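As the structure lists them, so they are numbered: ligands from 1, and atoms in each ligand from 1. None of these values were measured; they are calculated from a predicted model.
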Amino acid sequence: MAEQSATTQDRVPPEVRRRVDELRRLIHRYNYEYYVLNAPTISDAEYDALMLELRRLEEQYPELITPDSPTQRVGAPPAEGFATVQHEIPMLSLANVFSDGEIRAWAQRVYRLSNRSDIEFVTEPKVDGLAVSIVYENGVLVRGATRGDGYTGEDVTNNIRTIRMIPLRLYPPPGVELPRVLEVRGEVYMNVQDFEQLNRERGEQGLSLFANPRNAAAGSLRQLDPSVTASRPLRFAAWDIGRWEGTEPPTTHHAALDFLAQLQIPVVPDYRLCHSINEVIAECHRWQERRDLLEFEADGVVIKVNDRALYQALGVVGREPRGAVAYKFPAHEKTTIVRDVIWSVGRTGKLTPVAILEPVEIGGVIVERATLHNEDEIRRLGLLLGDAVVVQRRGDVIPKIVATIPQRRDGDERPIEIPKQCPVCGAHTVRLEGEVDRYCSNPNCPARLKASIRQFASRNALDIEGLGEKISDLFVDLGLVHSLPDLYTIDWNRVLQLEGFGPKKVENLRKAIEASKQRPFARFLFGLGIRHVGERNAQLLAERFCSIDRLMQATIDDLLEIPGFGPAVAQSVYEFFREPKNREMIERFRQLGVRMAEEEAPARVPARGPLVGKTVVLTGRLETLTRSQAEELLRRAGAHVTESVSRKTDYVVAGAEPGSKYLRAQQLGVPILGEEDLLRMLRDSGIAVEAPIRSSD
Ligand code: IVH
């Protein structure tokens, strides 16, 4: 055994060790630039190449794999449950204050108890997520735990490791000494945009939605399967140190945060040293004004005594330290009454309940409507007409009802009727089993066509300037447009006769519609409004299939191969293109000259299957593919196509009359594949190979 490990040791040439170390440092640096600084200095492709090189070296020399290698972020199998973790230093909570007066009163107490008046404070945003503790031993991340009740939390190490902002290993800059044990405390959270995107995707997949970024972050971190956590856009911001062993800890809170920042650990943004309570209050106001502009949700500002010894000496009341306090922002919520519920019909025929509210001012805006999402949401809220409700409005987001207040009922409330008939065309409505939404059953419902055009013409789809809701609704009502392709055959002479349509306006609109024929394929797909195909899925479809013809031939299995595509999405796309009406529509688009294919080389889709990361050399003439087709397909399957055969080559594909590469592969013992093998492996990689693509060249 000892002998074996000695030979294994010898197996790794020193230059490989050096390169592996260098790759890990580089990847650490580029991760930091990308995720923390939001300022990458290399392209995704270059980054991928470094990761790949490291993976390959680790594959070749598995003895070099350590848990802090960037290749090892995701990989732990699903857990049965979480072990508990004791927090050696309890994770306390904060007392709240709500006004300048209360901030001053808190500071007065600090001055009085310390018998000092020259106290410095640090202000930080109060990030709305969940508190975690991360322990580094000798610079290596060894444990991540939730706060739990402050004394006992859950061991979520394998999930914490998947958060790319969090270094798995610390690289102290020259002159900085690492403590042997360093506990970092901070918030795991989600940016508002990422949260909304996640919810959009969940909605498209028929999954339940998260109420807010905080719940989404908590739900994502507490997953038993780390690969689920890895797929969620979690972030981290440190706001304190906990255990610190082996060196002298910083004497001030500000220096502690600076230290963490030096180690490239993400720290709460814009933490600031304040020399007076007036400065603190000014900072609180500044944060409050910026609140809606932040990328993350902040529910207040945390004010901390800077001197750590004084902070300690001030002690704790209950679970709240006297040396810190949270100044909470006024809520983005108000109470009002639901007067009515109307149902709007979308492009897919989906009926969405919208609450008509007693107007109420929230954050300087009068709110009169709030979305209720679907009938299950009405049920979940237990909502009745006439109920008092809590309405939330954040920034520019559509207001929503977050709770009902049944205590305020007076008996006049009435149940909300779920429409059996479409409110626009009167056709019956259906709700399929296992789905949350109800649909109008009439494919020609004018509301659907109107909504389809809105979707088709929208900014992120075909971006038809000037074709707003009013005009497109009018065109439908006047019978100028009966389907999406009709947009390209509008009788402009008739339009010219309409009131308010001068020649200039009509010409601009005509040009804008014409120009929309050339938009990228992904935007066209998004514009079609296929159920479950939002912007992201449209992009993935365009990248994978490159043209409408290939997409229309895709089987459910082909679609399921796309990472992130579940059965609902695959089924929906598949069925869309089986529907004769839709196929006719595509044909008409084609005749009208609408672009329905990728022009440039498709962007990379993370591939799966037997060829990912393999180095392949082609030799000889293939029967069904040209050389460049084969190369392109191999690349799409995640393989690297190189020219010469070496020990690093994984496969040589040999066609008719192979050259010297064939011999060299035999000499080196590199596996040689025939054309059939290649086609099979491509198919196993989810790549549709229409045989034969090769013409007569
Ligand atoms: S300090 C003993 N700083 O707020 C004080 N907490 O209400 C420990 N939080 O459990 C907390 N941002 O989850 C601190 N800049 C910040 C924070 C912050 C968010 C959370 C944290 C804590 C809760 C207390």
Side-chain angles (χ1 to χ4, degrees), residues 85 87-98 102-103 106 110 121-134 144-154 156 160 163 165 183-192 212-222 234-244 252-254 256-258 260-261 265-274 280 283-284 286-288 290-291 294-308 310-329 331:
V85 166
H87 298 298
E88 232 168 81
I89 306 172
M91 295 184 77
L92 301 173
S93 50
L94 293 169
N96 293 328
V97 291
F98 296 92
E102 288 178 7
I103 297 176
W106 168 77
V110 171
F121 303 95
V122 176
T123 51
E124 300 160 13
K126 188 166 187 299
V127 183
D128 209 3
L130 72 154
V132 299
S133 138
I134 301 171
T146 61
R147 173 180 181 274
D149 63 5
Y151 301 96
T152 310
E154 285 174 323
V156 287
I160 290 283
I163 302 176
M165 283 179 108
E183 180 185 2
V184 181
R185 293 180 168 185
E187 208 77 357
V188 167
Y189 67 101
M190 219 178 258
N191 273 348
V192 177
N212 51 48
R214 209 194 77 78
N215 286 4
S220 301
L221 188 66
R222 296 193 64 262
L234 288 177
R235 304 177 65 85
F236 176 75
W239 39 246
D240 206 358
I241 51 172
R243 284 169 63 199
W244 182 298
T252 68
H253 180 65
H254 197 265
L257 296 184
D258 281 348
L260 297 180
I265 293 171
V267 178
V268 276
D270 284 350
Y271 56 94
R272 191 156 295 186
L273 184 62
C274 297
V280 166
E283 267 300 289
C284 290
R286 203 175 62 86
W287 276 111
Q288 190 164 327
R290 292 198 299 158
R291 175 191 192 183
L294 299 174
E295 288 178 333
F296 56 91
E297 277 212 353
D299 55 341
V301 180
V302 182
I303 310 162
K304 296 171 182 172
V305 167
N306 190 32
D307 180 334
R308 285 176 34 91
L310 174 56
Y311 181 94
Q312 282 298 323
L314 285 165
V316 176
V317 201
R319 290 189 173 194
E320 294 158 0
R322 288 200 188 86
V325 77
Y327 166 73
K328 296 291 282 279
F329 297 141

Among all protein non-hydrogen atoms, which one is nearest to [atom], and what is the separation to 0.1 Å?
atom: atom 15 (N) of ligand 1; result: Glu124 OE1, 2.7 Å
atom: atom 13 (O) of ligand 1; result: Glu187 OE1, 2.8 Å
atom: atom 5 (C) of ligand 1; result: Leu94 CD2, 3.5 Å
atom: atom 23 (C) of ligand 1; result: Lys126 NZ, 3.9 Å
atom: atom 2 (C) of ligand 1; result: Pro321 CG, 3.5 Å
atom: atom 12 (N) of ligand 1; result: Val127 N, 3.1 Å
atom: atom 17 (C) of ligand 1; result: Trp239 CD1, 3.3 Å

Under the 3.5 angstrom rule, does the side chain of [X] hit a backbone N or O of [Y] as a donor-acceptor pair?
X: Asp128; Y: Glu297; value: no
X: Arg214; Y: Gly129; value: yes
X: Arg322; Y: Leu314; value: yes
X: His87; Y: Arg147; value: yes

Report summary line: Heavy-atom proximity to atom 3 (N) of ligand 1, picking from Lys328, Glu320, Lys304, points to Lys304
**Report entry** Electrostatic pair Glu124:Lys304 at N-O distance under 4.0 angstrom
**Finding:** yes
Query raised in the report: For residues Tyr327 and Gln288, is any side-chain donor paired with an opposing acceptor at under 3.5 Å?
Result: yes
Query raised in the report: Can Asp240 be said to touch ligand 1, with heavy atoms closer than 4.0 Å?
Result: no
Specify side chain, backbone, both or neither for [X], according to which of its non-hydrogen atoms lie closer than 4.0 Å to ligand 1.
X: Tyr311; result: side chain
X: Ala131; result: both
X: Pro125; result: backbone

Query raised in the report: What is the ring orientation for Phe121 with Trp106, classed by angle as parallel under 30°, tilted 30 to 60°, or perpendicular over 60°?
Result: tilted
Report task. Could you tell me which non-hydrogen atom of Val280 sits nearest to which non-hydrogen atom of Cys274, and how far apart they are? Result -> CG2-CB, 3.6 Å
